[in-house]
Amino acid sequence: PYTPSAAMPRSATDEINTAYGRRMAAIRKQTGLSQSAFGAKLGLSYRTYASYERGEREAPVAVHRALYETFGIDPVWLMSDNNLVPRSVS
């Protein structure tokens, strides 16, 4: 049962976070931006953005939304596709 004081369990495995990070890196490289500049466009510090790209942290929904709103990236592709070619929402 839900306990308000309990920490939320991680929903993604290290493998999923690493794959997500590879997709974020592919988007960033396509834009030609540095990690710092790309993170800033998403409203993130360099350190926070870099931790997502390295797969060290699970990105929250706010990051998915920022990628969609800023770069038109399909959130389904971002979370699940193995193809490293960024897919925009059509």
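Just so we're clear, the structure is a prediction, and the values are computed from it rather than from any experiment.
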Which value, rounded to the nearest 0.5 Å, describes the distance between [X] atom [atom1] and [Y] atom [atom2]?
X     : Y     : atom1 : atom2 : result
His64 : Met24 : NE2   : CE    : 8.0 Å
Asn17 : Arg54 : CG    : CZ    : 12.5 Å
Glu53 : Arg23 : CD    : CZ    : 12.5 Å
Ser36 : Arg28 : OG    : CZ    : 10.5 Å

Hydrophobic cluster identity match, Ile27 and Leu33, side-chain contacts under 4.5 Å: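 Same hydrophobic cluster.
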
Atom CD of Glu15 with >12 non-hydrogen neighbours under 6.0 angstrom: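 It does not: Glu15 CD has 12 such atoms or fewer within range.
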
Within the 6.0 Å centroid threshold, strictly below: Tyr52 and Tyr20: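 Not under 6.0 Å, so no.
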
Check: Tyr46 ring centroid to Phe38 ring centroid under 6.0 Å: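 No, the ring centres sit 6.0 Å or more apart.
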
Modelled atom types, side-chain donor and acceptor of Ser45 and Thr48, under 3.5 Å: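 A pair is found: one side chain offers a donor N or O, the other an acceptor, under 3.5 Å apart.
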
Verdict with reasoning, Phe71 to Leu42, per side chain to side chain contact (heavy atoms under 4.5 Å, CB included): CA-CA 10 Å; Phe71 298 103; Leu42 299 175; 3.9 Å; yes

Where Gly39 and Tyr49 come nearest, the two heavy atoms and their spacing: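 Gly39 and Tyr49 have their closest heavy atoms at CA-CB, 3.8 Å.
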
Donor-acceptor pair, side chain of Arg57 and main chain of Ser51, under 3.5 angstrom: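 No; judged by distance alone, with no hydrogens or angles, the pair does not exist.
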
